[in-house]
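Here is the structure we will look at, set down as structure tokens.
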Amino acid sequence: VAVRLTRAHWGKGFGSEAFRLFVGHLFSALAVDRIWLTVYLFNPRAIRLYERIGFRDEETFVDEKGLEMLKMGITRSEHDSLPPSRDIHA
């Protein structure tokens, strides 16, 4: 899944808040205790976004194309202990 915002909306917290709400929805709607994702190491903006909402590095590996990837994860309790989301204004 890829979600993109126009460049005019970068750096305003919209992506972080949208992804945080998505993760919260997964924890509340599904009976899961942990969520993992993978991201290419050459994508530091995405890595910072995931870190901001509580994901932590778990493993680095090389995919089938020979590109380095990072596996990141968050537990339900880690997510629940995050401070409340901030109010975002355009």
Side-chain angles (χ1 to χ4, degrees):
V1 173
V3 177
R4 293 185 174 89
L5 298 172
T6 60
R7 191 174 295 265
H9 293 95
W10 288 6
K12 296 182 180 178
F14 297 122
S16 296
E17 184 61 16
F19 196 70
R20 182 182 178 127
L21 290 169
F22 174 69
V23 169
H25 176 73
L26 290 177
F27 280 127
S28 66
L30 304 174
V32 297
D33 290 317
R34 184 174 198 78
I35 296 172
W36 292 274
L37 60 81
T38 57
V39 60
Y40 287 108
L41 282 178
F42 61 74
N43 192 348
R45 288 180 64 94
I47 293 169
R48 282 192 308 273
L49 181 150
Y50 304 142
E51 289 172 340
R52 276 194 302 274
I53 63 165
F55 279 78
R56 299 290 168 241
D57 299 359
E58 294 188 355
E59 175 185 3
T60 302
F61 63 96
V62 177
D63 75 358
E64 65 279 352
K65 299 175 194 169
L67 299 171
E68 287 187 302
M69 297 196 77
L70 178 62
K71 177 182 172 185
M72 302 178 81
I74 188 171
T75 64
R76 178 188 300 270
S77 62
E78 289 169 338
H79 182 268
D80 291 346
S81 70
L82 293 172
S85 62
R86 62 189 179 98
D87 190 18
I88 298 177
H89 299 285

The remaining residues in the hydrophobic cluster of Phe61, counting side-chain heavy-atom contacts under 4.5 Å among Ile, Leu, Val, Met, Phe, Trp and Tyr, are Tyr40, Phe42, Leu67, Met69

Heavy atoms of Arg34 and Phe27 approach each other most closely as N-CE2, 3.9 Å

Residue set satisfying salt bridge (Lys or Arg N to Asp or Glu O under 4.0 Å) with Asp80, at least two apart, ordered chain then number -> none

The reported gap from CD in Glu58 to OG1 in Thr38 (rounded to nearest 0.5 angstrom) is 11.5 Å

Side-chain heavy atoms nearer than 4.5 Å, only ILVMFWY residues, links allowed to pass through others: does that put Val32 and Phe22 together? yes

Residue pairs passing the salt bridge (Lys or Arg N to Asp or Glu O under 4.0 Å) test with at least one member in residues 36-56, sequence neighbours excluded, are none

The single option from Leu49, Leu70, Ile74, Val39 that satisfies side chain to side chain contact (heavy atoms under 4.5 Å, CB included) with Phe55 is Ile74

dist Lys71:NZ -> Asp57:CG (nearest 0.5 Å) comes out at 12.0 Å

task: Treat each ILVMFWY residue as a node, draw an edge where side-chain heavy atoms are under 4.5 Å apart, and state whether Leu26 and Trp36 are in one component.
output: no

Check whether Arg20 reaches the backbone of Ile53 with its side chain - one donor and one acceptor, N or O, closer than 3.5 Å.
no

Between the OG1 atom in Thr6 and the CZ atom in Phe14, the distance rounded to the nearest 0.5 Å is 9.5 Å

